[in-house]
Structure formats: structure tokens, C-alpha cells
> 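Here it is: the structure, laid out below.
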Protein chains: 4
Amino acid sequence: MSPKIVDKEEKRLLIAHAAFSVFGNKGFDRTRMDDVATAAGVGKGTLYEYFDNKEDLLVGAMRVMMDGMTDGMRGALENDSPPLDKLRGLTVFMVEAMEHMGEGYRFFLEYMLHISRAGNDFPILKEMLLEFRKGIEDLLVAGVKSGDLRKDLDIVNTAATFAAWFDGAVFHWIAVPQGPSMSEMADAYMDTFFNGILDRKGGRK
Amino acid sequence: MSPKIVDKEEKRLLIAHAAFSVFGNKGFDRTRMDDVATAAGVGKGTLYEYFDNKEDLLVGAMRVMMDGMTDGMRGALENDSPPLDKLRGLTVFMVEAMEHMGEGYRFFLEYMLHISRAGNDFPILKEMLLEFRKGIEDLLVAGVKSGDLRKDLDIVNTAATFAAWFDGAVFHWIAVPQGPSMSEMADAYMDTFFNGILDRKGGRK
Amino acid sequence: MSPKIVDKEEKRLLIAHAAFSVFGNKGFDRTRMDDVATAAGVGKGTLYEYFDNKEDLLVGAMRVMMDGMTDGMRGALENDSPPLDKLRGLTVFMVEAMEHMGEGYRFFLEYMLHISRAGNDFPILKEMLLEFRKGIEDLLVAGVKSGDLRKDLDIVNTAATFAAWFDGAVFHWIAVPQGPSMSEMADAYMDTFFNGILDRKGGRK
Amino acid sequence: MSPKIVDKEEKRLLIAHAAFSVFGNKGFDRTRMDDVATAAGVGKGTLYEYFDNKEDLLVGAMRVMMDGMTDGMRGALENDSPPLDKLRGLTVFMVEAMEHMGEGYRFFLEYMLHISRAGNDFPILKEMLLEFRKGIEDLLVAGVKSGDLRKDLDIVNTAATFAAWFDGAVFHWIAVPQGPSMSEMADAYMDTFFNGILDRKGGRK
DNA sequence: TATGAATGAGTATTCATTCAT
DNA sequence: CATGAATGAATACTCATTCAT
């Protein structure tokens, strides 16, 4: 309520954004606190007023990113389109988000690696992932119910596989920038995901 | 001439293997040369007899892994099975290789991030990736020719998408070990990749 | 603005003095940064706040010493005594300075060796040396003009020779401390330098 | 007597020469045993067959140089010329030796600094120095006796001063190679040493 | 005897964190 | 609250010395 609290919260956010950007560009270990301070336009000591340490800063930066992603994902899911359209809409949103964040998304990958290594659970990350998978599962179930999708789909694993694909795609896009763009990959992926690669003119094999 | 008879090539390989393992577990920046030396059972100074510096050691370790992968991939492709079986065989090989390498594969991901960040081209990596994609493209083309696959497939991007999926899957498997196993994801992926998710009892949509 | 009020220039000087002393005692290569830090009463990291690296620290220390020498030399030269008295005064000043700096002067010798090896020009050093020689040349010229000195003197080389002698003398004094003192050598040198060693009772040879 | 002994001695000398050259170029601390081994054309381990350690190698190299110098000096002194000619001859020999050794002489300076720092007496060095001074003292005494030189000379300190001058000259010659050559300095030095700088047309001052 | 592969003690430098102002 | 000067733990890399062959 007090104006001070607002200020603090705002500054925390400012720093987290700066950290998000720098971590994405240089990687966690290669980033110096000085870099973050400079990027945020504050003194190095100030970082420690808002975050306990470098690790905590990483978590804060992560949270910033995930809040944005989660909001966007919800937007793509909470509307009245039919399930298949929602699925396409979600894909389009994800691809745009990833392309928009560009280097920043690398931060996400880096962080997943980092967490899994440290053995720390980062609940927020898992929640987001699970929420993402759950959203897809719901769409698949709705699609099956509506008769659009095959009844024999392995819902859970198909949803997991779908979610995983996105990270694989960004990964390659980032690591081999000379290769196909995110949208090209997404188009090809959606095509096979919906239709499969088998020829069915003569009926099912 | 040489007082101590040593198979330098063998020792280099021994060290590269150790490095591969340690880098995979701890990440490049978190790994100390001492860790690698201990893992390899040699003195720290010995590392520098065989590798110029830490970065060079990373490259050496990478090469070890990739040689293994490339050999395995070729084995999965060079046989007389029909294209679709080869595609399944390749997938099975990849999944098994990834599960077998486990933590080690993380090293691969880490390295791709590392390279893309450094801006260095690591030609060997790109070659492997391109060889992988090319192998898949060939299979798809063969499948189209044999009439098994849809004639309208976007070969290049579909191959890229397929290749990317693997890394996405390991990525999630490593980052969220509580989730589905590699094989479960692979089964679901292959199912949708071949058949799509659309219901076609009533004919094509 | 600045949280800790520090006179950075003063601290830089403090460190340079410490470095000067330690380098003189142990030599450049034998000196550890820790030694300098301890001698300066600061942490090792602090050295790097004020100097880029060990080499830079060496240059800084050198500058400290040379400023002192140059000031003293100017003092010995800028007065109204006749040229020969100035020459004696300069010699006395140099001998006293060298004896006073003692071990520290070794630093100067060490540094000259160091520079010439590195092939770097250290302009400050050369300037001081040239200024020293020039001062002597001026005295010699003045002495010739006043009729006190021989008209056929090779001014430039005699000045160079005179300047060189000082370093030779300290060199021996430092390397063979059991030998004659600086003042004893200086007395003998001045005697021969002024009068030569030839007997002239019977007239010039 | 046995040929082995001859071989060993020869090889020791070979190595010492190589060491002398490398130490002179790079300085003691900057020289690696590998450098010496390569320069000598032997394996690194072989150095330790002939010398206990790096320090011992330094001493050996020093001895090589000094033997050469001492022999030359004796040659310049042991003949039937009058004392003043011997003095000139000695100077000429020294200057030529120094110019000839060039970089190698730096080794001598470096070593004097090194010894004095270590606090070790290096008797051979002192003996050579003392022999040098003694030789000069004898010449001066002889010159006085023959009536060529002033009877009031401070023999000991003048000899010391004369010996010191050489090292000062090489020092400047090495450190400031743009300056006058050794011979130019030597000519100027001898001129003042013999005749002084005072004008005596009007008789002694 | 000669060698050079192996070693690990030693050191310059970096950078997260603290804390006096 | 904000700052940045100070710090020292941490770490890649070097090189004299050893010793198996």
C-alpha cells in the first residue's frame, strides 16, 4: 500500500528484466553481477537489496519470463474456438513468443539444464510445464470427444511429446541459426502432427 | 627412443571420455580441470599434455561422443529394411543411445548452447546434425517414392522437425525426470508422426 | 554519491611504493602479487582495482621511483653554482640517493634489464636517462666555455660515459657489498674524472 | 682417462654453453629447462644427468663464461708492454669481449643481481672480480712506479671504480641500444680516465 | 646412459559478496 | 536506501623435477 512498496516492487522487476536479458545472452556462469547491475542501471550493491544472491536473481529472472509465457498461453487457450483451432493458436503463440524472445529463450533452456543439474526443484517451472501439458491434454480430450481426433490417442504422452517438441525446435533454431526458421519448422510439425506422414489414399495401412 | 612407452592416442581417448562424463554432470563452467584429471585417473598437468586448454578438452570430449553417435546412426540406416522400418529403427537407436548416455547427453545440449553463444562454428557438430537430417530426408524421399508416404510432404522441414524433436525430448526428460520416459514419448511421437492425430474413419477431412 | 570516500590517487601511490620495495628486494619474477598486497596492507584483489596486472604494477612502481630521482636531479642542477660544483653536487646527490634507496635501486637495474629484454620502449625511463645525460652535457659545455674544461672533450660520449658509471658503481656495490662503498668509489671516480690518472708534473704528455 | 669421462665433460660443456646462451636471452626466471634442452639438442632429462637443478645449471653456465673472460684478461695482462699500454689493451679486450658476447653479457649482469639477491656467495665470481681489480691495481702501481701516473692515486678505489665502469657501460649499451656504442663510450672514458676533464694549459688547478 | 611422459606445487587473475559511508 | 571499494576464495595453466623404460 505504501508508495515505498510499489517502488521496491517496480525496481525488483526492473532488475529481474535486466538479469533475464543478460543471462540469456551470456549464460549463467558467464554473467557477472556487474553486467546485471550495469544493464539495470543500478549499483552492484543494489542488486543485493533486492535479491539474496546470484542464484536468487536467476530465479527472479525466470519468474518474470514465465509469468509472461503463462499469461500468453492462457490467452491462447481461453476462448471459444474449437479445440483444433486452439491447438493451432497455441502453437502460433508459442512460435511467436519464442521468436520474439529470441536469445532470451536460450535463458529458459539454460535454466532447465541448470536446475536439473543442481537437483533443486524449481516448482514454478514445473507448474508451468505441467500447466502447458495439461492444457494440451484438455484440448486433445476435447478433440476426441468432438470426434475430430482418433479415439486411440495416448493423451498424456502425446501431450508431453508435443510440449517437448517446442523446446527441441528452439534449441535447433538457436544452435543452428542457418537452418529453417521457427515458423517453417512449426508448419511442418503441425502438418505431420495432424495428418501424419503416411499416404492414405488407398485407405489405412 | 621414447623412454616411457605410451599409446598417446589411447590416453587421449581415455581423458576425453573422462571429460565427456564430467562435463555432462557438472556443466562446462562448473567443471574444474582437477575434476577431469581425477576422473581420468591422471595428474592435472597430464591433461595439458594431451589438450591445449579447457576449451580444447571440451571439443575433444564432444568428438568422442559424436563419433559414437554417428557410427550408431549409420548402422541404423545402412541396412536393407524398407524406409519406414529404418525410420523406426533410427528412432529406437536414438532413444536407446540417449537413455544410455543419460547425463552424458546433457553434455551435448550444453555444448550446443555453449557453441551458439560463443559464435564459434563447430563444424563437426554441424556436419553431424546435417548428416542426421540428410539421412532422414533420404528416408522420407524413399518413402514417398515407394508410395508409403504422402507426396505433398515438405521434406526438408519435416526432416528438420523430426531431428529437433529428439533434442526436445531429451531436454524434457532430463529437466523433468518425473515425466514420461524417453521410450514413452518416442512411442507417442512416432504414432502421431506416422498417423497424425486426426480421426479418418470417415475419410480425409 | 560514492559510498566509501577514498583518495584513489593516494592509494595508488601507496601500492606503487609497496610494489617498488618488493620488486627491488625479490625481483620481478620472484615477486608474488600476494607479497605486494601484504606489503601495501591491502587485499590481493585491491591491487587489481588500481593496476591492470603485474606488468602495469611494475610500470607504476618505476614511475614512482623516477619521479623522485628526476626531482632530485633537477634540484642539484638548478642553482647558481659554477658548472664544476654542480657536477660534484650532482654526483653527491646521486650517490646519496642510491645509498639511500639501497635495495630499491636494484629495482631500477632489474627493470632496465627487463625492458630491454621485452623489447618494449619505456619512454619515461629513456626520457629520464636522456635528461640526465643532457644535464651533464650542458654542464660540460658550460665548463668548456668558462675555460675550466678542456676544449677538445667529446661532450656527448663523455656525458654518456659519466652517466653509465653511476649504474656500474651501484651494480658493483649491490653485487659485491664487501667492496668499497659508493662514496669511496665516487671520490676516486671524481678524482680521475677531473684530473685523470697521468702524472703531469713534467707537463702534458 | 677413460673415454667416457672425456665424453661426459664435453657434454657438460655443451649444455653449459647452451644454458649460457638461453639464460642471456631470456633471463633466469623466464628460461624453461625445455629451452635449454632444445638449445643443447638433448632431452630434458639429460640436463639432470649433468646438473643438479636449474640453479646449478646457472652456475655451470656462469663458469663457462668466466673461464673465457679470465683467460682473455690474463692474455691482455701477461705480456711485456708498459703498464699504460696494458691498461688500454685490457680495455680494448673487455670492450670487444662485451660487444662480441652481446646479449650474452646481459647474463652476467642478470646473474650478479641474482646472486646478490639470494645472498649466496658465488666465490668464482668474486674471485674473477677480485682478480680483475687486482690486475688493475698492479698496473696502476706499476704506472706510479714508472713515473707515468700520479703518486697520490687512491689505488684500490680507483681500480674498483675502473672495473665498475665496464659494467655500467654494458648496462647502458644493452638497455639503451640507441645510445653510443661500447667503443665510443670506451674512447671517451679512457680519455677522461687518463687525462681528466680539466683544462691544464695554464698548469694544474 | 638418455629420454620425455607424468606430475603437482605454485601463481596471476577473476568475481560474488560484504559493508562503510 | 544506494553505492562501489575492498576482499579472498576459487581456478586455469606453467614448469622444475622425477622416474619408468
Side-chain angles (χ1 to χ4, degrees), chain A residues 4 7-8 11 29-38 40-57, chain B residues 1-8 11 15 29-38 40-57, chain C residues 1-8 11 15 29-38 40-57, chain D residues 4 7-8 11 29-38 40-57:
Chain A
K4 287 230 165 186
D7 281 346
K8 278 216 101 178
K11 200 155 197 173
D29 289 301
R30 297 279 221 260
T31 296
R32 289 173 295 123
M33 294 301 271
D34 252 328
D35 299 329
V36 177
T38 302
V42 302
K44 198 175 6 168
T46 306
L47 300 182
Y48 289 86
E49 293 287 327
Y50 294 88
F51 297 90
D52 288 345
N53 50 38
K54 200 181 176 186
E55 189 87 18
D56 189 33
L57 192 53
Chain B
M1 271 292 170
S2 193
K4 282 188 186 172
I5 279 66
V6 173
D7 185 335
K8 293 206 100 185
K11 198 151 204 175
I15 292 174
D29 289 303
R30 296 279 223 261
T31 296
R32 288 173 297 122
M33 293 303 270
D34 253 330
D35 298 331
V36 177
T38 302
V42 301
K44 198 181 357 173
T46 306
L47 300 182
Y48 290 89
E49 292 279 327
Y50 293 88
F51 296 90
D52 287 346
N53 50 41
K54 200 181 176 185
E55 189 88 18
D56 189 34
L57 192 53
Chain C
M1 274 290 170
S2 190
K4 281 188 186 173
I5 279 68
V6 173
D7 186 335
K8 294 208 98 183
K11 198 152 204 175
I15 292 174
D29 290 303
R30 295 280 222 260
T31 296
R32 287 174 297 121
M33 294 303 270
D34 252 329
D35 299 330
V36 177
T38 303
V42 301
K44 199 179 358 171
T46 306
L47 301 182
Y48 290 89
E49 293 280 328
Y50 294 88
F51 296 90
D52 287 344
N53 50 42
K54 200 179 174 186
E55 189 87 19
D56 188 34
L57 192 54
Chain D
K4 288 231 165 185
D7 282 345
K8 277 215 100 174
K11 199 155 199 174
D29 288 302
R30 296 278 221 261
T31 296
R32 289 173 296 124
M33 294 301 270
D34 253 328
D35 298 330
V36 176
T38 302
V42 301
K44 197 175 7 167
T46 307
L47 301 181
Y48 289 87
E49 294 287 327
Y50 294 88
F51 296 90
D52 287 346
N53 50 39
K54 199 182 175 185
E55 189 88 21
D56 188 34
L57 191 55

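Proteins come first, then strands; the chains are lettered A, B, ... in the order of their sequence lines, and each starts at number 1. Note: hydrogens, waters and symmetry copies are ignored here, and every other heavy atom, side chains too, is used.
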> Closer than 4.0 Å, any side-chain N/O of C:Lys11 to the OP1 or OP2 of F:dA6?
yes
> Kindly give the atom pairs (protein nitrogen or oxygen, nucleotide nitrogen or oxygen) under 3.5 Å for nucleotides 8-11 of chain F.
residue: F:dG8; atom: N7; partner: C:Gly45; partner atom: N; Å: 3.3

> Report the base-pairing partner of E:dT3 (Watson-Crick or G-U wobble, both distances below 3.5 angstrom), or none.
F:dA20
> Can you tell me how far P of E:dT11 sits from CG of C:Leu57, to the nearest Å?
16 Å
> Would you mind reading off the distance between C:Phe51 atom CZ and E:dA12 atom C1', rounded to a whole angstrom?
16 Å
> Identify, between C:Glu49 and B:Asn53, the residue whose nearest nucleotide on DNA chain F lies closer to the 5' end.
C:Glu49
> Quick one: A:Leu47 CG to F:dC1 P, roughly how many Å, whole number?
16 Å
> Please name the pair of heavy atoms, one in B:Leu47 and one in B:Met33, separated by the smallest distance, quoted to 0.1 Å.
CD1-O, 3.3 Å
> So, taking the atom named NZ in B:Lys8 and the one named OH in B:Tyr50, what distance separates them when rounded to the nearest 0.5 Å?
4.5 Å
> Could you pull out all residues at least two apart from B:Asp52 that satisfy side-chain contact (heavy atoms from CB on, under 4.5 Å)?
B:Asp56
> Within this structure, what is the CG-to-C1' distance between B:Asp52 and F:dA12, rounded to whole angstrom?
13 Å
> I need the CG-C1' distance between D:Asp34 and F:dT17, as an integer number of Å.
12 Å
> Could you please spell out the steps behind the side chain to side chain contact (heavy atoms under 4.5 Å, CB included) verdict for D:Val42 and D:Lys11?
CA-CA 10 Å; D:Val42 301; D:Lys11 199 155 199 174; 3.9 Å; yes
> Could you state the OH-C1' distance from D:Tyr48 to E:dT1, rounded to the nearest angstrom?
17 Å
> Please determine if a side-chain N or O atom of C:Tyr50 lies less than 4.0 Å away from the OP1 or OP2 oxygen of F:dA6.
yes
> Give the rounded distance in Å between these two atoms: NZ of C:Lys8 and C1' of F:dA6.
10 Å
> Could you grab the distance from atom CG of D:Leu57 to atom NZ of D:Lys54, nearest 0.5 Å is fine?
9.0 Å
> Taking pairing as Watson-Crick or G-U wobble with both contacts under 3.5 Å, can you name the mate of E:dT14, or confirm there isn't one?
F:dA9
